[in-house]
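Down below is the structure, laid out as C-alpha coordinates.
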Amino acid sequence: MSLELRIKKLRENARVPRRATESATGLDLTACLDATLTLTTTPQLVPTGIAIEFPVGYDVQIRPRSGLSLKGV
(Lines give C-alpha, C1' and ligand atoms only; values in the text may rest on other atoms or scores of the structure.)
Protein backbone atom coordinates (compact mmCIF):
# COMPACT_ATOMS: atom_id res chain seq x y z
CA MET A 1 0.00 0.00 0.00
CA SER A 2 1.37 3.36 -1.00
CA LEU A 3 0.57 6.56 0.85
CA GLU A 4 0.57 9.71 -1.23
CA LEU A 5 0.56 13.18 0.32
CA ARG A 6 -0.14 16.05 -2.02
CA ILE A 7 1.82 19.14 -0.98
CA LYS A 8 1.43 22.60 -2.49
CA LYS A 9 3.88 25.38 -1.76
CA LEU A 10 1.98 28.59 -0.98
CA ARG A 11 5.13 30.65 -0.58
CA GLU A 12 8.24 30.55 -2.74
CA ASN A 13 10.62 30.07 0.20
CA ALA A 14 8.53 27.31 1.86
CA ARG A 15 10.14 23.91 2.43
CA VAL A 16 8.42 20.63 1.61
CA PRO A 17 8.29 18.33 4.68
CA ARG A 18 10.86 15.51 4.60
CA ARG A 19 12.28 12.74 6.75
CA ALA A 20 15.46 13.68 8.60
CA THR A 21 16.71 10.09 8.34
CA GLU A 22 15.70 7.02 6.36
CA SER A 23 14.34 5.33 9.51
CA ALA A 24 12.38 8.39 10.75
CA THR A 25 8.70 7.70 11.38
CA GLY A 26 7.57 11.24 10.63
CA LEU A 27 8.31 14.22 8.41
CA ASP A 28 9.99 17.42 9.60
CA LEU A 29 7.81 20.50 9.17
CA THR A 30 9.56 23.87 8.85
CA ALA A 31 8.28 27.35 9.70
CA CYS A 32 8.15 29.83 6.82
CA LEU A 33 8.62 33.21 8.44
CA ASP A 34 8.58 36.73 6.97
CA ALA A 35 10.13 38.17 10.13
CA THR A 36 11.73 37.02 13.37
CA LEU A 37 9.31 35.14 15.60
CA THR A 38 9.41 36.00 19.30
CA LEU A 39 8.60 32.95 21.39
CA THR A 40 6.15 33.48 24.22
CA THR A 41 4.28 31.25 26.64
CA THR A 42 0.98 31.86 24.83
CA PRO A 43 -0.01 29.81 21.76
CA GLN A 44 0.93 31.34 18.40
CA LEU A 45 0.18 30.58 14.77
CA VAL A 46 3.36 29.70 12.92
CA PRO A 47 3.09 29.73 9.11
CA THR A 48 4.52 26.81 7.13
CA GLY A 49 3.90 28.20 3.66
CA ILE A 50 2.44 24.90 2.46
CA ALA A 51 -0.90 23.12 2.12
CA ILE A 52 -1.14 19.34 2.54
CA GLU A 53 -3.82 16.97 1.26
CA PHE A 54 -3.78 13.51 2.79
CA PRO A 55 -5.92 10.43 2.15
CA VAL A 56 -9.25 9.79 3.89
CA GLY A 57 -8.71 7.67 6.99
CA TYR A 58 -5.41 9.30 7.95
CA ASP A 59 -4.67 12.17 10.31
CA VAL A 60 -1.82 14.63 10.66
CA GLN A 61 -0.22 15.39 14.00
CA ILE A 62 2.21 18.21 14.67
CA ARG A 63 4.56 17.48 17.55
CA PRO A 64 7.53 19.36 18.96
CA ARG A 65 10.98 18.03 18.24
CA SER A 66 12.30 16.08 21.19
CA GLY A 67 15.23 18.43 21.72
CA LEU A 68 12.94 21.46 21.84
CA SER A 69 10.44 19.84 24.18
CA LEU A 70 13.24 19.23 26.67
CA LYS A 71 13.78 23.00 26.65
CA GLY A 72 10.09 23.70 27.27
CA VAL A 73 9.22 24.76 23.72
Applying side-chain hydrogen bond (donor to acceptor under 3.5 Å, both in side chains) to N13 and not counting sequence neighbours gives none
Anything under 3.5 Å between a donor and an acceptor, one on a side chain of residues 24-42, the other on a protein residue two or more places apart or in another chain? List them.
| residue | atom | partner | partner atom | Å |
| --- | --- | --- | --- | --- |
| D34 | OD1 | R11 | NH1 | 3.4 |
| T40 | OG1 | T42 | N | 3.4 |
| T40 | OG1 | T42 | O | 3.3 |
| T40 | OG1 | T42 | OG1 | 3.0 |
| T40 | OG1 | Q44 | NE2 | 3.2 |

Residues passing the side-chain hydrogen bond (donor to acceptor under 3.5 Å, both in side chains) test with Q61, sequence neighbours excluded, are D59, R63
Taken in chain and number order and not counting sequence neighbours, the residues that satisfy side-chain hydrogen bond (donor to acceptor under 3.5 Å, both in side chains) with R18 are none
Correct closest heavy-atom pair for A14 and T48 would be CB-O, 3.7 Å
For atom NZ of K8, decide whether the heavy atoms of other residues, nucleotides or ligands shown that lie under 6.0 angstrom number more than 12.
no
So salt bridge (Lys or Arg N to Asp or Glu O under 4.0 Å) across residues 39-50, not counting sequence neighbours, yields none
Would you say V60 and V16 are hydrophobically clustered, going by side-chain heavy atoms of ILVMFWY under 4.5 Å? yes
Applying side-chain contact (heavy atoms from CB on, under 4.5 Å) to P55 and not counting sequence neighbours gives L3, L5, Y58
